[in-house]
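All of these numbers come straight from a predicted model, not from anything done at the bench. Residue numbers begin at 1 in each chain, while the letters A, B, ... track the order of the sequences.
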There are 2 protein chains.
Amino acid sequence: MADVELRELRYFRAVATEGSLSRAAATLGMAQPPLSRAISQLERRLGVRLLDRDNRGVSPTPAGETLLAETARVLDAVSAAVHRTRRAARANPTLVVTAKPGVASTVLPRAVDAYRALPAAGEVEILVSGYGEQADLVRAGEVDLALIGSPLHGAGLDVEPLVGEPRVAALPAGHALADGRALTVADLHREPMPQWTDSTPEEVTYWSGRDTVPSSAPLTGPPIRDSAQLVEVVALGQAVALVPESLARANQRPDIVYRPVRDASPYVVGVAWLAGSRDRRVADFVRAASTLADPLAETA
Amino acid sequence: MADVELRELRYFRAVATEGSLSRAAATLGMAQPPLSRAISQLERRLGVRLLDRDNRGVSPTPAGETLLAETARVLDAVSAAVHRTRRAARANPTLVVTAKPGVASTVLPRAVDAYRALPAAGEVEILVSGYGEQADLVRAGEVDLALIGSPLHGAGLDVEPLVGEPRVAALPAGHALADGRALTVADLHREPMPQWTDSTPEEVTYWSGRDTVPSSAPLTGPPIRDSAQLVEVVALGQAVALVPESLARANQRPDIVYRPVRDASPYVVGVAWLAGSRDRRVADFVRAASTLADPLAETA
DNA sequence: CATCGGCCATACCCCCAGGGTATATCGCTC
DNA sequence: GAGCGATATACCCTGGGGGTATGGCCGATG
């Protein structure tokens, strides 16, 4: 019994995220009644009420919330299974490794070169991916490895730190804190700081500098999606930010000053792969990449 | 397209592990032809040949091997989803935490007490589980947390070390190394050491002491399944072993002597939970349990 | 070398679960 | 109370998943 099927989970996810059976049916390309039946059947199988219905739609019960989270895991795992199996079938299985734009042209080539120097090295393919999607690509099995930046914690991923660099404060020119003194993160806690959209609690803590120095001050500041926006809002005087030194070097401009922050944790780039992978080539790559490690990485 | 269904994965797993369509059909309680068709269909959907057939059965191709591994992940995730959802539906969701026999009566009660002392603490249920099945219970969603022993690495699990203790050498009375000198793991590498059955490479490395001092000497020694067997084979002079100090204290007997091993890594008990869990109670439990942490745990 | 036995693939049939359409029912709004 | 926008129910139909029978292949066996 309780032989849940993927179709039911896909349906449930659609319904729970849409908040409506009829809308979900539309996006699934099917009629509403069978969907209604399928969800009821899923509830019967689990013996659990998953949705509260009323006349304006549906909303997940607590049990439904957990099923929704678990469903994401399952569907990720399925997608990963399909991708990995297909990739494994190719004659010369290629190791696919990804990174976001900046890292892809700096750290990644060094790591790839280190791997290619191994006697047992195979083909490597580099995929440049968008901001924040590296972990998903690994989980979905579309890539074998990803270089990700701090904070180095991804659910379901194993991570090995590679290289680190200090973080510095980015201040609008003429800001009160820009007078030349060295700063501490506590100085920044009372200032508005940019908020990355869709960020996890860990990311919020890390980018606000609260990973080393906790603070209960409210988090304020303009929402941003990428580092170009970050530079803009700082230049406009809307916020101060804690940024990797390399970003500071790449964005020297008269309306922004950068200052060291003594007690900020460093920005670390690490290599991540699916937790528990037994793939020989993945292990080789990680080992080769680790030879790039510098001492700063320890403090991640 | 490529809408793989769980039924197909369950079938594939059965076939791949049985090594035969007809035997798998029997264990699945169905006839062989539909199974054959289902597998062919799965291969068509993936566009990948999964099995090599011959007249004496089937064996997985490399792609089939990866699919088999991925299938385990998927089915684990599904089972976890079902269990967690059902548990979440109960009125007062109980936090279920497990440990193997020894740990369940020593470290676990202390951790549970620390959690119960929290103002927001809820119900806690303790489940005593068998050797080596703790990680599976967490992955399958049957428990929320597990106390596991070194080596603290479980695929798909997050682990926080709690308490550690040194490991000592267990030697047959009269053994050449039992003359009172302090030992190093290198001394043990040339001796036969018990081999845990079904152990992962990490476990083999850890229990042979090769995690701190590598060695290429062949691994020899009698297979064992639990610590009672371990004590027996040492007492009989068939092997020497590296064991936690607490096990040594619990098994004082005239035909075994225990000796410190200076450079052996400690035995650490940690609390493990599903990687990336955002469950409030799980986080509370881990935080409460961490207050038990002692300095030795750092070296895990 | 003819036979047999085990195994997988194919052919063919049947039935039901999953999907469609039509409609009932329920709350809210105006 | 009429209308609207939801979900649930009733009923039908079809595709595919499962069954049985059988064919083809290969190695073992006398």
Is there a side-chain contact between B/Leu127 and B/Leu137 in this structure, where contact means two heavy atoms from C-beta onward sitting under 4.5 Å apart?
yes

What nitrogen or oxygen pairs link the protein and nucleotides 12-14 of chain D at under 3.5 Å?
none

In whole angstroms, the gap separating P of D/dG17 from CZ of A/Arg7 amounts to 11 Å

In whole Å, I'd like the distance from the CG atom of A/Asp52 to the P atom of C/dG27.
14 Å

side-chain N/O A/Ser36 vs D/dT7 OP1/OP2, d < 4.0 Å:
no

Separation of B/Leu51 atom CG from C/dC7 atom P, in whole Å?
16 Å

Specify the separation, in whole Å, of atom CG of A/Asp54 and atom C1' of C/dC26.
11 Å

Residues in residues 10-23 of chain B with a heavy atom under 4.0 Å of DNA chain D, by number, are B/Tyr11

Determine, for nucleotides 22-30 of chain D in 5'-to-3' order, which nucleotides have protein heavy atoms under 4.0 Å from the base (write B), from only the sugar-phosphate (write S), or from neither (write -).
----BS---

Taking the side chain as everything from C-beta on, heavy atoms only, tell me whether B/Leu219 gets closer than 4.5 Å to B/Arg210.
yes

Is atom CD of B/Glu123 surrounded by more than 12 heavy atoms (other residues, nucleotides or ligands) closer than 6.0 Å?
no

Sorted by position of nearest nucleotide on DNA chain C, 5' first, the leading residue of A/Gly29 and B/Ser40 is B/Ser40

Rounded to the nearest Å, what distance is computed from the CG atom of residue A/Leu28 to the C1' atom of nucleotide C/dG20?
15 Å

Over how many whole Å does the gap from A/Leu50 atom CG to D/dT7 atom P extend?
15 Å

Show, in sequence, the C-alpha distance, side-chain angles and deciding distance for A/Leu50 and A/Val15, and conclude whether the side-chain contact (heavy atoms from CB on, under 4.5 Å) test is met.
CA-CA 11 Å; A/Leu50 297 170; A/Val15 171; over 6 Å; no

Flag side-chain contact, heavy atom, 4.5 Å: B/Asp279 against B/Arg84:
no

For the residue pair A/Ser129 and A/Gln134, confirm or rule out a side-chain donor-acceptor distance under 3.5 Å.
yes

Heavy-atom distance under 4.5 Å between the side chains of A/Val143 and A/His83, does that happen here?
no

State, yes or no, whether a side-chain contact exists between B/Asp284 and B/Arg287 at a heavy-atom distance under 4.5 Å.
yes

In whole angstrom, what separates A/Ile39's CD1 from D/dA8's P?
10 Å

Side chains of A/Arg278 and B/Thr200: does their closest heavy-atom pair fall under 4.5 Å?
yes

B/Glu5 CD - C/dA17 P separation (whole Å)
16 Å

Of A/Pro34 and A/Gly57, the one whose closest nucleotide on DNA chain D sits nearer the 5' end is A/Gly57

So, do A/Arg86 and A/Val82 sit near enough that their side-chain heavy atoms are less than 4.5 Å apart?
yes

How is A/Gln41 classified with respect to the nucleic acid when contacts are heavy atoms under 4.0 Å: base, sugar-phosphate, or nothing?
sugar-phosphate

Using a 3.5 Å distance criterion without hydrogens, assess whether the side chain of A/Glu43 forms a donor-acceptor pair with backbone atoms of A/Leu51.
yes

Residue pair A/Tyr115 / A/Leu95, side-chain heavy-atom distance below 4.5 Å:
yes

